[in-house]
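Written below as structure tokens is the structure these notes are about.
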Amino acid sequence: MAAISFDPRLNVQVGQKNHGVVLEEIEGLIRVYKNGHVERPPIIPIVPCTVAGGVIAKDVVIDKFTSSWTRIYAPSYSSKMPLLVYFHGGGFCVGSSAWSCYHEFLSALASKAGCIIFSVNYRLAPENRLPAAYDDGINTLMWVKQQALNGSNEQKWWLSQCDFSSLFLAGDSSGANIAYNVATRLGSYGRSDSSIKPLVLKGTILIQPFFGGEVRTAIEMHDTQPANSALTLSASDTYWRLSLPLGANRDHPWCNPLAKAAAKLRELKLPATMVCISEMDILKDRNLEFCNALASAGKRVETKMYKGVGHAFQILHNSPFSQIRSQEMMSHLKTFINQ
């Protein structure tokens with residue numbers, strides 16, 4: 001999810017101090033001042049860990065130095081379960097693993113798909129521009145690796161149920177971008193098997209992946225997004241300006257995996273990939289182009305198209321079709337994870 005629609009009547013003003021000139025703003029979500037101050041209105045409720053539907057959830061600190069942590073979901077299953085490491089959306093700039101919408105979505109997914117889920121709370125831009133979020137993803141995998149090798153009793157509640165030979169990376173919007181870039185780091189010229197043993201990366205799940213480029217797609221040029229759209233072109237551009245390294249444009253490989261400067265897909269050791277695309281999403285063209293490039297490079301890719309819904313429908317439920325399409329997505333994810 002790269003942006004969130006909101007009702008201006010509910011907008012909460014955060015911090016009344018005058019910080020001077022506003023450099024960048026996405027209304028209701030983030031305001032960045034010239035003096036470096038950043039405001040993020042609390043538009044989505046933060047919720048604590050709760051036990052629901054037989055799923056235990058606990059927050060665990062991964063790295064005290066960077067303050068990255070993860071919310072772990074473990075359903076009550078008698079057999080070993082796959083491990084899904086998930087990255088939330090928010091344009092790299094907003095969002096939290098404790099947001100109520102993610103807590104509800106991932107606890108339901110853990111129960112339905114029968115998997116352990118790590119929901120990674122990574123560092124946000126612009127205070128921590130890319131590759132900070134990618135680094136946090138890699139560090140989370142290394143933490144899991146250490147637990148698998150030298151597990152403590154404190155983590156036994158999920159360790160004893162985890163099948164480390166069945167690891168999946170997943171995320172929505174910017175989180176899908178993180179999942180892909182973490183996977184490409186692991187798969188650069190075939191290094192993935194040795195770097196995270198005993199973990200074995202079986203697949204990546206990219207839900208409405210947040211990619212961009214300097215050249216506009218047809219839908220970006222001509223499509224008018226509805227008022228309640230979760231992602232507009234202007235918001236997308238702002239997120240990239242705030243998250244990419246200073247001086248980079250939208251053809252940076254982290255934004256545009258098909259750019260000339262990006263690693264050649266054929267040379268990457270990538271696992272099976274599922275890409276979930278929304279028919280009404282401004283990212284639809286880029287997502288389809290990405291899937292075609294993966295297939296042309298000889299990679300195994302499954303494409304799922306969700307009709308009549310837009311960006312982040314499964315999190316925001318901002319469409320009449322959201323509920324039924326979300327159930328379809330859950331079923332597709334369950335099949336992919338357990339095949």
Side-chain angles (χ1 to χ4, degrees), residues 2 24 87 89 91-93 122 125-126 128-138 169-192 195 201 203-223 231-278 281-303 311:
E24 299 279 8
F87 302 94
F92 306 104
C93 298
Y122 52 86
N128 299 281
R129 290 175 176 266
L130 296 174
Y134 306 153
D135 294 342
D136 291 347
I138 292 290
L169 298 177
D172 66 287
S173 195
S174 57
N177 177 299
I178 297 169
Y180 173 73
N181 277 286
V182 169
T184 59
R185 277 198 190 182
L186 296 176
S188 293
Y189 308 100
R191 291 199 304 256
S192 63
S195 63
L201 182 59
T204 58
I205 299 168
L206 310 180
I207 302 172
Q208 303 133 3
F210 186 42
F211 295 132
E214 285 296 307
V215 177
R216 301 298 193 190
T217 65
I219 196 170
E220 288 172 348
M221 287 190 293
H222 305 298
D223 187 58
L231 183 64
T232 63
L233 187 61
S234 62
S236 173
D237 288 352
T238 301
Y239 283 133
W240 287 120
R241 287 194 300 271
L242 291 174
S243 59
L244 285 171
L246 291 171
N249 67 18
R250 294 190 307 274
D251 278 335
H252 189 288
W254 294 337
C255 175
N256 185 357
L258 306 184
K260 288 182 180 179
K264 299 293 184 288
L265 291 178
R266 285 192 181 277
E267 295 172 354
L268 293 174
K269 184 179 179 183
L270 295 175
T273 303
M274 172 184 277
V275 183
C276 300
I277 305 172
S278 295
D281 192 353
I282 199 169
L283 297 175
K284 181 181 75 170
D285 290 350
R286 291 198 184 278
N287 290 175
L288 287 169
E289 185 183 16
F290 174 72
C291 291
N292 291 335
L294 283 179
S296 296
K299 309 304 179 186
R300 181 186 157 197
V301 57
E302 291 184 29
T303 305
H311 197 74

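Any value given below was found using the heavy atoms of this structure, including those in side chains, with hydrogens, waters and symmetry copies removed. Please read these numbers as outputs of a predicted model, since none were measured by experiment.
In this structure, the ring pair (Phe, Tyr, Trp, His ring centres under 6.0 Å) partners of F211, at least two apart in sequence or on a different chain, are Y180, F290. In terms of the salt bridge (Lys or Arg N to Asp or Glu O under 4.0 Å) criterion, residue partners of E302 (sequence neighbours excluded) are, by chain and number, R300. Residues passing the salt bridge (Lys or Arg N to Asp or Glu O under 4.0 Å) test with D285: none are found, sequence neighbours excluded. Checked against salt bridge (Lys or Arg N to Asp or Glu O under 4.0 Å), D251 has no partners two or more places apart in sequence or in another chain. With sequence neighbours left out, the salt bridge (Lys or Arg N to Asp or Glu O under 4.0 Å) criterion links D136 to R123.
Panel note: side chain Q208, backbone S173; no donor-acceptor pair is recorded below 3.5 Å. Panel note: side chain N287, backbone P209; a donor-acceptor pair is recorded below 3.5 Å. Remark: the backbone N or O of S296 is paired with a side-chain donor or acceptor of R266 at under 3.5 angstrom. At distances below 3.5 Å, at least one donor-acceptor pair connects side-chain atoms of N177 with backbone N or O atoms of W254.
Counting heavy atoms from C-beta outward, L246 and R129 have side chains that approach closer than 4.5 Å. Counting only heavy atoms from C-beta outward, the side chains of D281 and I277 never approach each other to under 4.5 Å. Side-chain contact check for T204 versus L270: every heavy-atom pair is 4.5 Å or farther apart. Two residues are said to be in side-chain contact when any heavy atoms from C-beta on lie closer than 4.5 Å; R216 and R250 meet this criterion. Side-chain contact between L265 and L258: present, with at least one pair of heavy atoms (C-beta onward) separated by less than 4.5 Å.
Contact record, V301 with C291: CG1-O, 3.8 Å, taken as the closest heavy-atom pair.
Residue pairs meeting the ring-ring contact (aromatic ring centres under 6.0 Å, His included) criterion with at least one member in residues 255-275: none, sequence neighbours excluded.
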**OP:** Start with the C-alpha gap between L244 and C255, add the side-chain angles, then the distance that decides, and say whether side-chain contact (heavy atoms from CB on, under 4.5 Å) holds.
**Re:** CA-CA 8 Å; L244 285 171; C255 175; 4.2 Å; yes

**OP:** Apply side-chain contact (heavy atoms from CB on, under 4.5 Å) to the pair L288 and V275, showing each step before the final yes or no.
**Re:** CA-CA 9 Å; L288 287 169; V275 183; over 6 Å; no

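Under the side chain to side chain contact (heavy atoms under 4.5 Å, CB included) rule, L294 has a single partner from L206, L268, T273, which is T273.
F87 and Y122 have tilted rings, their planes meeting at an angle from 30° to 60° on a 0 to 90° scale.
Between D135 and R185 there is a salt bridge, since at least one side-chain N of the basic residue sits less than 4.0 Å from a carboxylate O of the acidic one.
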